Structures are given as C-alpha cells and as structure tokens.
Amino acid sequence: MANLATLTSEVLRLLNEATNSSVGEVGDGSGTVTTTTSATIEAYLNEAIKETCRTCIYVPAKGTITQSNPIINLSSLSLDSTYVPTDASTVNDASSMWFPLTVQSGLTNLTHCSEPSLRAYDPSFEATAVGTPKYWYRSGDYGIRVYPAPSASTAFTVYGCGVLGDISATSITVIPDDLQLKMWASYAAYKLALKNTDDPSVAQRAFWGNWYNEVRMRLWSQLDTFLRMPGSPFAIPPVTGGSDGS
C-alpha cells in the first residue's frame, strides 16, 4: 500500500530534491507562493492515476440506476463501493466508470449491438420501440442506450472499467505491486522536470517519462486478452510507435 506521503517522498527522491524543495511551487508574480510543491505533486499523481486506469490498469466497476429513460449516462450510475473487496483501511474502488462491458435489465443480461445494426432492423427505433429492453449499445463516449425503451421504470446494472478516486492526505490506495508505485511517481517526476526546463539540473531528469511509459506497456501486456481485443477498452497500446514502449 502507499499513501500520498509515500508517493510524494518517492517523487522527490527520483528528482534528488529535498522534502522542502521549491521545485513544484507556483507564485503569483509578487514573490508569494500560491501553490506549494506538495500540492503540485498531488495534482500530477492524480493525473497519473486517472491516465493509467484508462490505458493499462483494469479497475472493475459496478453501477446501478433505476429509470424509464432508454439513455443511461455513466456519470449518473450509483457505484457499488463494496464490489472490489478490501479491508477497512484501504480504498481500491472505482470513483467513476468510463467504459461499459455488460448491461443488465433486472436480472437479464442485455445483448450488445451497434447503433447501425439496430437502425437497419428498425430505422426509427428511438421513437417507436417501447417494451422490455433486450439490447444495448454505446451512445457517445460516456452513455448507453437500451432497446427497446423500457415501458416502465427499470433497474439497470452496468459492469465495466472504472477509474480510481483522487489520492489525498486522508485516503490510501491499494498498490498490488511496486510497479504502480514507481510508475505514478515517475509520471509526477517527469511533469515536474518539464515544469522546470529553465533549470538544467532538474530538466535533465525528464527521462522518468520514458520509464513511466515502459511500465504502462508492461502492465498493458499483462491484461486479459479480452480487454485488449479490437473494440475493447484497452485495444490501443498506451504507447504507439513501438512494441516495447521505448
């Protein structure tokens, strides 16, 4: 496990900076610091967590909603905080869902289809079809549409890929192995190096970005095959242009 303090310490170690370093400070132009180094590191760490959840780490998510509207917005789902079993002191649950994999209407699994195939079957399905939902397809990047539209308020359950919540001073995120710890810290170190391009002693450490991408490729290659198939959430490798991520 790692908390914010552990990750922050690792970022500073990678940059060979002291705990009171000003490497991440942002001022207002008058000599006053408006953003501290620790706040900047926290923001970069959360960027890394979000990006890796969408590119190389599968976070199972389960959400529910009851409605009669055939369009389900992923942001409106009520996520199940107990779906991924953890002990009371850890957090490893999705805070949001970004890619749906399975949709249930009541206890019935709906069949996944595409909008073009559904329209070929029923050209005006949005206006004409009402009944018991049997099919679903992705509607936009963060929505689902079921067919036919439910004739009454219906309980839907959606399983898919989630994104971990922000890490903060009061939260602990489960780290299955040291790769994620090093990867997130490397991303933050890389961003701090880019932020300080006018300081050669820091800027030259931007190579941590290469290590971050290498680990993303390693984790991506370990994902289950069904998650990397065409049309699946991780179909595109995190780093394109090379098979090894370098």
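Being a predicted model, the structure only gives us computed values, none of them experimental. This chain uses plain numbering: 1 for the first residue, then up along the sequence. Both backbone and side-chain heavy atoms feed into the values below; hydrogens, waters and symmetry mates do not.
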Students should find that the hydrophobic cluster of Ile71, defined by side-chain heavy atoms under 4.5 Å apart, otherwise consists of none
- Does Val130 belong to the same Ile/Leu/Val/Met/Phe/Trp/Tyr cluster as Val146, with side-chain heavy atoms less than 4.5 Å apart forming each link? no
Do any N or O atoms from the side chain of Asp224 and from the backbone of Leu227 form a donor-acceptor pair under 3.5 angstrom? no
Value for CG (Leu179) from CD (Gln222), rounded to nearest 0.5 Å, stands at 7.0 Å
Output for pair (Glu17 CD, Leu192 CG), nearest 0.5 Å, gives 8.5 Å
**OP:** Evaluate the ring planes of Tyr147 and Tyr135, with Trp represented by its six-membered ring, and classify them as parallel (under 30°), tilted (30 to 60°) or perpendicular (over 60°).
**Re:** tilted
A cation-pi test, strictly: NZ or CZ of Arg138 under 6.0 Å from the centre of the six-membered ring of Phe99 and no more than 45 degrees from its axis. Yes or no?
yes
Quiz prompt | Side chains of Arg54 and Val163 in contact at under 4.5 Å (non-hydrogen atoms) | solution = yes
Heavy-atom nearest pair, Pro148 first then Thr132, reads CD-O, 3.2 Å
**Request:** Please lay out, stage by stage, how Leu45 and Leu4 fare under the test side chain to side chain contact (heavy atoms under 4.5 Å, CB included).
**Result:** CA-CA 9 Å; Leu45 287 171; Leu4 179 59; 3.8 Å; yes
Contact between Tyr137 and Ser114 at the side-chain level, heavy atoms closer than 4.5 Å - yes or no? no
*Check: Tyr190 ring centre within less than 6.0 Å of Tyr212 ring centre*: no
Heavy-atom count check: over 12 atoms from other residues, nucleotides or ligands less than 6.0 Å from Arg218 CZ?
no
Self-check item: Any donor-acceptor pair under 3.5 Å from Trp208 side chain to Tyr187 backbone
Solution: no
Nearest heavy-atom contact between Lys50 and Leu164 is NZ-O, 3.2 Å
Rounded to the nearest 0.5 Å, the CD atom of Gln67 sits from the CG atom of Asn73 at a distance of 7.5 Å
Any side-chain donor near an acceptor of the partner, Thr82 and Asp80, under 3.5 Å: yes
Can you confirm whether Val11 sits close enough to Ser186 that some side-chain heavy atom of one is under 4.5 Å from a side-chain heavy atom of the other?
no
Rounded to the nearest 0.5 angstrom, the OH-OG1 distance for Tyr44 and Thr8 is 13.5 Å
* To do: Check whether any side-chain heavy atom of Thr154 sits under 4.5 Å from a side-chain heavy atom of Thr66, and report yes or no.
  => no
The salt bridge (charged side-chain N to carboxylate O under 4.0 Å, His left out) partners of Glu10 (sequence neighbours excluded) come to Arg13, Lys182
Q. Any side-chain heavy atom of Pro150 within less than 4.5 Å of one from Pro70?
A. yes
Is a side-chain donor or acceptor of Thr40 paired with a backbone partner of Thr36 at a separation under 3.5 angstrom?
yes
One should read off an interatomic distance between Trp184 CH2 and Ile57 CD1, to the nearest 0.5 angstrom, of 5.0 Å
Evaluate whether atom NZ of Lys134 has more than 12 neighbouring non-hydrogen atoms of other residues, nucleotides or ligands under 6.0 angstrom away.
no
Step by step, would you call Ser78 with Ile65 a side chain to side chain contact (heavy atoms under 4.5 Å, CB included)?
CA-CA 6 Å; Ser78 177; Ile65 191 170; over 6 Å; no
- Are any non-hydrogen side-chain atoms of Met97 and Lys62 less than 4.5 angstrom apart? no
Heavy-atom closest pair (Ala235 atom, Met229 atom, distance to 0.1 Å) is CB-O, 3.2 Å
ask   = Side-chain heavy atoms under 4.5 angstrom apart, residues restricted to Ile, Leu, Val, Met, Phe, Trp, Tyr: same cluster for Trp98 and Phe226?
value = yes
Salt bridge (charged side-chain N to carboxylate O under 4.0 Å, His left out) filter on Arg119, not counting sequence neighbours, yields Glu115, Glu126
For Cys53 and Val59 the tightest heavy-atom approach is SG-CG2, 3.8 Å
### Query
Do the side chains of Val103 and Leu79 join up, straight or via other hydrophobic residues, at under 4.5 Å, putting them in one cluster?
yes
| said: For the aromatic rings, using the six-membered ring if either is Trp, is the centroid distance between Trp136 and Tyr159 under 6.0 Å? | reply: no
Next on the checklist: Quick check: is Ile236 connected to Val239 through a chain of hydrophobic side chains (ILVMFWY, heavy atoms under 4.5 Å apart)?
Outcome noted: no
Between Met183 and Cys56, the two heavy atoms sitting closest are SD-SG, 4.3 Å
**Message:** Could you check whether any side-chain heavy atom of Ile144 comes within less than 4.5 Å of a side-chain heavy atom of Val158, counting everything from C-beta outward?
**Reply:** yes
Practice task
Show your working on side chain to side chain contact (heavy atoms under 4.5 Å, CB included) between Tyr58 and Leu223 and close with a plain yes or no.
Solution key: CA-CA 8 Å; Tyr58 172 46; Leu223 289 170; 4.0 Å; yes
Residue pair Ser9 / Leu7, side-chain heavy-atom distance below 4.5 Å = no
**Prompt:** Is a side-chain donor-acceptor pair under 3.5 Å present for Thr55 with Thr52?
**Reply:** no
When rounded to the nearest 0.5 Å, the distance separating OG of Ser105 from CZ of Phe156 is 4.5 Å
Asn46 side chain to Ile167 main-chain N or O, any donor-acceptor pair under 3.5 Å?
yes
